[in-house]
Amino acid sequence: MALSVVSALSISLCAAPGAQGATPPTNTCGGTPNDYTTTLALLPDAPFIGTISGTNPVRTITIAPVAPNSTQIRVDVNIPDGDSRSVYGNIRVLENPFGKGTLVFPTPLDGAGSSKDVFCLAGTTRVTKILGHLEITGVKGLVNFTATRS
């Protein structure tokens, strides 16, 4: 019986080699909040400005960092007739095993927003373009948005 307990213990200890000592992924694009909010000079970065597709009329979206080294942003959604909604909140960044980030953020549309893909300039982790989707009250399913900054 002792042999089977030792064997079972050995199997369970060896089942996931390296799992606890695994090295975290190297940030390749958008893997940290600062990639969305902070410049190299430690200032708030430029806002992302874009459009939301699948809505009539077309709406614009602005995702603006509030402070450097912070997760706080302001999200503004506008439609051509002058209706505007804003919300302040915190972003959450999830990093995939390849070091690329996914952004999750609040919206003033009674739902959440998230990126489907992010793009960075070659050799940097600073995000310059976000392709994503939003939940909007009264609209069935998710709607897409594209937002960029220089």
Side-chain angles (χ1 to χ4, degrees), residues 11-150:
I11 291 169
S12 67
L13 290 175
C14 296
Q20 290 187 355
T23 305
T26 300
N27 180 12
T28 59
C29 180
T32 71
N34 279 355
D35 296 335
Y36 302 87
T37 63
T38 308
T39 68
L40 291 177
L42 300 180
L43 299 171
D45 211 331
F48 295 93
I49 300 171
T51 56
I52 302 169
S53 60
T55 61
N56 187 17
V58 172
R59 301 176 191 212
T60 61
I61 185 168
T62 302
I63 304 167
V66 173
N69 293 320
S70 170
T71 59
Q72 191 172 43
I73 59 167
R74 176 181 168 154
V75 179
D76 299 304
V77 175
N78 301 295
I79 57 175
D81 71 1
D83 183 24
S84 177
R85 294 182 188 177
S86 300
V87 68
Y88 285 90
N90 291 304
I91 63 172
R92 195 174 68 199
V93 176
L94 311 171
E95 190 176 29
N96 73 19
F98 304 105
K100 195 163 192 181
T102 297
L103 177 68
V104 180
F105 59 94
T107 74
L109 305 170
D110 301 326
S114 64
S115 64
K116 293 187 286 188
D117 203 357
V118 295
F119 300 87
C120 296
L121 294 176
T124 74
T125 60
R126 179 182 178 260
V127 176
T128 56
K129 182 176 182 179
I130 303 170
L131 299 177
H133 48 257
L134 305 167
E135 297 171 305
I136 300 178
T137 300
V139 176
K140 186 175 181 177
L142 299 173
V143 295
N144 295 320
F145 76 91
T146 301
T148 60
R149 66 176 172 197
S150 51

Peer 1: Quick one: are Thr71 and Phe105 in side-chain contact, heavy atoms under 4.5 Å?
Peer 2: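 Thr71 vs Phe105: side chains apart.
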Peer 1: Of Asp35, Thr32, Thr26, which is the lone residue that meets side chain to side chain donor-acceptor pair (under 3.5 Å) with Thr125?
Peer 2: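 Per the side chain to side chain donor-acceptor pair (under 3.5 Å) rule, the option paired with Thr125 is Asp35, out of Asp35, Thr32, Thr26.
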Peer 1: Given side chains that start at C-beta, do those of Leu94 and Arg92 come closer than 4.5 Å, heavy atoms only?
Peer 2: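 Yes - at least one pair of side-chain heavy atoms lies under 4.5 Å apart.
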Peer 1: Look only at the side chain of Thr28 and the backbone of Phe98, and say whether a donor-acceptor pair between them is shorter than 3.5 Å.
Peer 2: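 Side chain of Thr28 to backbone of Phe98: a pair is present.
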Peer 1: Please determine whether side-chain contact (heavy atoms from CB on, under 4.5 Å) holds for the pair Asn69 and Leu42, giving the CA-CA distance in whole Å, both sets of side-chain angles, and the decisive distance to 0.1 Å.
Peer 2: CA-CA 7 Å; Asn69 293 320; Leu42 300 180; 4.0 Å; yes
Peer 1: If I take atom NZ from residue Lys129 and atom OG from residue Ser115, how far apart are they, to the nearest 0.5 angstrom?
Peer 2: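 The OG atom of Ser115 is 13.0 Å from NZ of Lys129, to the nearest 0.5 Å.
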Peer 1: At what distance, to the nearest 0.5 angstrom, does CG of Leu121 lie from CZ of Arg126?
Peer 2: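 Between Leu121 CG and Arg126 CZ, I get 7.0 Å after rounding to 0.5 Å.
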Peer 1: For Leu43 versus Pro68, what's the shortest heavy-atom pair and its separation?
Peer 2: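 The pair with the smallest heavy-atom distance is C-CB, 3.7 Å.
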Peer 1: Determine whether the side chains of Thr37 and Asp45 contain a donor N or O and an acceptor N or O closer than 3.5 Å.
Peer 2: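 No donor-acceptor contact under 3.5 Å links the two side chains.
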Peer 1: Would you mind reporting whether Thr60 and Ile49 have side-chain heavy atoms less than 4.5 Å apart?
Peer 2: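 No; the side chains remain at least 4.5 Å from each other.
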Peer 1: With side chains defined as the heavy atoms from C-beta onward, is the minimum distance between Phe145 and Val77 less than 4.5 Å?
Peer 2: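 No - every pair of side-chain heavy atoms lies 4.5 Å or more apart.
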Peer 1: Supply the atom-to-atom distance Arg85 CZ to Thr107 OG1, rounded to the nearest 0.5 angstrom.
Peer 2: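 Going from the CZ atom of Arg85 to the OG1 atom of Thr107 covers 9.5 Å.
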Peer 1: Kindly compute the distance separating OH (Tyr36) from CD1 (Ile130), expressed to the nearest 0.5 Å.
Peer 2: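 That separation rounds to 6.5 Å.
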Peer 1: Could you tell me if the side chain of Arg149 sits less than 4.5 Å from the side chain of Pro47, heavy atoms only?
Peer 2: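 A side-chain contact is absent here, since even the closest heavy-atom pair is not under 4.5 Å.
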Peer 1: Could you tell me which non-hydrogen atom of Pro106 sits nearest to which non-hydrogen atom of Gly89, and how far apart they are?
Peer 2: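 Closest approach of Pro106 to Gly89, heavy atoms only: CG-CA, 3.7 Å.
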Peer 1: Measuring from Asn27:CG to Asn34:CG, what's the distance to the nearest 0.5 Å?
Peer 2: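 So the CG of Asn27 and the CG of Asn34 are separated by 10.0 Å.
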Peer 1: What is the minimum heavy-atom distance between Ala46 and Pro65, and which atoms define it?
Peer 2: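 Scanning both residues completely, I find the closest heavy atoms to be O-CD, 3.9 Å.
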Peer 1: Find out whether Leu109 and Arg59 are in side-chain contact, i.e. whether some heavy atom of one side chain is under 4.5 Å from a heavy atom of the other.
Peer 2: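 Answer yes - side chains close enough.
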Peer 1: Walk me through whether Ile61 and Leu134 qualify under side-chain contact (heavy atoms from CB on, under 4.5 Å).
Peer 2: CA-CA 11 Å; Ile61 185 168; Leu134 305 167; 4.1 Å; yes
Peer 1: Output, in order, the C-alpha distance, side-chain angles, deciding distance and verdict of side-chain contact (heavy atoms from CB on, under 4.5 Å) for Glu135 and Leu142.
Peer 2: CA-CA 5 Å; Glu135 297 171 305; Leu142 299 173; 3.5 Å; yes
Peer 1: Give a yes-or-no answer on whether the side chains of Asn78 and Ser84 include a donor-acceptor pair shorter than 3.5 Å.
Peer 2: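 A donor-acceptor contact under 3.5 Å links the two side chains.
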Peer 1: Look at Asp117 together with Lys100 and state whether they make a salt bridge at an N to O cut-off of under 4.0 Å.
Peer 2: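 Salt bridge flag = yes for Lys100 with Asp117.
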Peer 1: Of the non-hydrogen atoms in Ser70 and Gln72, which two are nearest, and what is the gap between them?
Peer 2: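 Heavy-atom minimum between the residues: OG-N, 2.9 Å.
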Peer 1: Say you draw a straight line from CZ of Phe48 to OG1 of Thr62; how long is it, rounded to the nearest 0.5 Å?
Peer 2: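 Atom-to-atom, Phe48:CZ and Thr62:OG1 are 11.5 Å apart.
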